[in-house]
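Counting from 1, the numbers follow the sequence of the chain as shown.
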Amino acid sequence: MNVLSIDFQFDFSREGGKFYKPRPSVEFLHERLLPYLRCNNKKISEIISDYRLPRPSETKDYCVPGTNGYQSEIPDDLVHGKRWVKAMNSPAWTRPNAGIPSETAQLPYCDPIAFGEWLIAQIGLPYAGNPVFLIGLTLDCCVLATAQELYYRGYPVLYLYEAVDTYNGTSEEKDFLLKSPLKMWGKQITMSELIEQGF
């Protein structure tokens, strides 16, 4: 079983971040999920964002490498392998010098081959019974885009209910979106169900 985190970065998750809102998943991450993973010697694969300008149709940069907003809530010692750095909502989009603060940002580009190679290295081959448990922010944007990408590549997708939130962070919005449209690309699972399945 594989846990994949998307955009648990300070610009979304901490007070003072450019798009911060109170979201219960952040507290759950620190109080329940990370301690459980550490106690059971398990790791997290991670996708983070480099949202510097220039980006198509964007006028504001955030999650800028070298700034506090770029930092991840996932501790380095729990990260499995190499982080993937995306530059658009879809994880297949990256950019030259992604994540390198000392280098000039360039326009994002789509690299589905490199992203696929990263997935295989992190998770294994698609269609091999390797379910991916998604956590992170936000359920109505980047988590959704990642779920779609994984589903179309042949990976079974599950949303870890307590560890995902929408942009607004309300349970009502989360429950609504998990019923439709998110169920088209994955299923929700709770932490207790995950433990019952032997994770």
Side-chain angles (χ1 to χ4, degrees), residues 1-9 11-13 17-29 33 44-51 55-58 60 62-63 73-74 84-94 108-112 115-116 118-120 122-194 196-197 199:
M1 296 183 183
N2 305 277
V3 179
L4 177 57
S5 175
I6 302 109
D7 290 357
F8 259 134
Q9 289 169 270
D11 261 343
F12 302 108
S13 61
K18 293 181 180 178
F19 293 98
Y20 169 77
K21 288 180 181 289
R23 298 180 178 101
S25 60
V26 179
E27 181 178 348
F28 174 82
L29 177 77
L33 184 58
I44 298 175
S45 296
E46 186 175 25
I47 297 172
I48 55 175
S49 291
D50 175 346
Y51 282 165
R55 291 175 65 226
S57 73
E58 290 284 343
K60 184 176 183 179
Y62 47 102
C63 296
E73 296 286 352
I74 310 299
W84 177 261
V85 184
K86 65 184 180 67
M88 298 289 284
N89 302 136
S90 167
W93 283 74
T94 187
Y109 66 95
C110 190
D111 196 342
F115 180 63
W118 180 83
L119 279 174
I120 290 169
Q122 294 293 123
I123 294 166
L125 292 167
Y127 303 107
N130 294 310
V132 183
F133 300 89
L134 298 184
I135 66 173
L137 304 170
T138 59
L139 190 58
D140 43 347
C141 190
C142 293
V143 174
L144 170 58
T146 302
Q148 292 171 323
E149 189 71 33
L150 293 173
Y151 175 86
Y152 292 132
R153 288 171 180 265
Y155 291 96
V157 173
L158 296 114
Y159 313 103
L160 184 52
Y161 180 80
E162 299 94 335
V164 291
D165 271 311
T166 64
Y167 178 77
N168 288 326
T170 67
S171 59
E172 294 82 7
E173 186 175 41
K174 177 164 74 171
D175 290 341
F176 175 81
L177 289 170
L178 283 167
K179 289 177 183 176
S180 176
L182 284 153
K183 70 176 184 178
M184 294 179 65
W185 299 284
K187 299 176 182 178
Q188 75 179 55
I189 189 168
T190 65
M191 185 74 177
S192 60
E193 289 171 333
L194 198 60
E196 286 173 9
Q197 294 181 17
F199 179 71

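Exactly one residue among S90, P91, S5, C141 makes a side chain to side chain contact (heavy atoms under 4.5 Å, CB included) with T146. That residue is P91. Each of I74, V85, V3 was checked for a side chain to side chain contact (heavy atoms under 4.5 Å, CB included) with E46, and the lone residue meeting it is I74.
Between I6 atom CD1 and L139 atom CG the span is 9.5 Å, to the nearest 0.5 Å. We find the CZ-CG distance between F199 and N2 to be 8.0 Å, quoted to the nearest 0.5 Å. The CG atom of L194 lies 8.5 Å from the CG atom of L158; values are rounded to the nearest 0.5 Å. Atom OH of Y51 is separated from atom NZ of K18 by 13.5 Å, given to the nearest 0.5 angstrom. The line from OH of Y161 to OG of S171 is 6.0 Å long, rounded to the nearest 0.5 Å. The distance from the OH atom of Y155 to the CD1 atom of I123 is 6.0 Å, given to the nearest 0.5 Å.
Between W84 and W118, the two ring planes are tilted [angle within 30° to 60°]. Ring-plane geometry between W185 and Y152 is classed as perpendicular, the angle between the planes exceeding 60 degrees on a 0 to 90 degree scale with a lower cut at 30.
Residues Q188 and L182 have side chains not in contact (no heavy-atom distance under 4.5 Å, counting atoms from C-beta outward). Contact of the T170 side chain with the E172 side chain is registered, since non-hydrogen atoms from C-beta on lie closer than 4.5 Å. In this structure, Y20 and V26 have side chains that are not in contact, with every pair of non-hydrogen atoms separated by 4.5 Å or more. Counting only heavy atoms from C-beta outward, the side chains of L150 and L4 approach each other to under 4.5 Å.
Looking at residues two or more places apart in sequence or on another chain, you find a side-chain contact (heavy atoms from CB on, under 4.5 Å) between A87 and R95, P108. In this structure, the salt bridge (charged side-chain N to carboxylate O under 4.0 Å, His left out) partners of E73, at least two apart in sequence or on a different chain, are R14. Listed by chain and number, the residues in a side-chain contact (heavy atoms from CB on, under 4.5 Å) with P112 are C110, R153 (sequence neighbours excluded). Residues meeting the salt bridge (charged side-chain N to carboxylate O under 4.0 Å, His left out) test with K183, sequence neighbours left out: none. Shown here are the side-chain contact (heavy atoms from CB on, under 4.5 Å) partners of D140, two or more places apart in sequence or in another chain: T138, T166, Y167, E173, L177. Taking Y109 as the reference, T94, P96, D111 meet the side-chain contact (heavy atoms from CB on, under 4.5 Å) condition, with sequence neighbours excluded.
Contact between S49 and Q9 at its shortest, heavy atoms only, is N-OE1, 2.8 Å. Closest non-hydrogen pair, Q122 versus S45, comes out as NE2-OG, 2.8 Å. Smallest separation of non-hydrogen atoms from L137 and C142: O-CB, 4.0 Å.
For the pair K174 and Y159, the cation-pi criterion (under 6.0 Å, within 45° of the ring axis) is not fulfilled.
The closest donor-acceptor contact from the side chain of E162 to the backbone of M191 lies under 3.5 Å.
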* Give the C-alpha distance, both sets of side-chain angles, the deciding distance and a yes or no for side-chain contact (heavy atoms from CB on, under 4.5 Å) between K86 and F115. => CA-CA 9 Å; K86 65 184 180 67; F115 180 63; over 6 Å; no
* To do: Could you please spell out the steps behind the side-chain contact (heavy atoms from CB on, under 4.5 Å) verdict for L33 and L160?
  => CA-CA 10 Å; L33 184 58; L160 184 52; 4.1 Å; yes
* To do: Give the intermediate values and the outcome of side-chain contact (heavy atoms from CB on, under 4.5 Å) for residues V143 and D165.
  => CA-CA 9 Å; V143 174; D165 271 311; over 6 Å; no
* Worked check of side-chain contact (heavy atoms from CB on, under 4.5 Å) between C63 and I48 -> CA-CA 9 Å; C63 296; I48 55 175; over 6 Å; no
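The number of heavy-atom neighbours closer than 6.0 Å to CD of E193, taken from other residues, nucleotides and ligands shown, is above 12. Around atom OH of Y151, no more than 12 heavy atoms belonging to other residues, nucleotides or ligands sit under 6.0 Å away.
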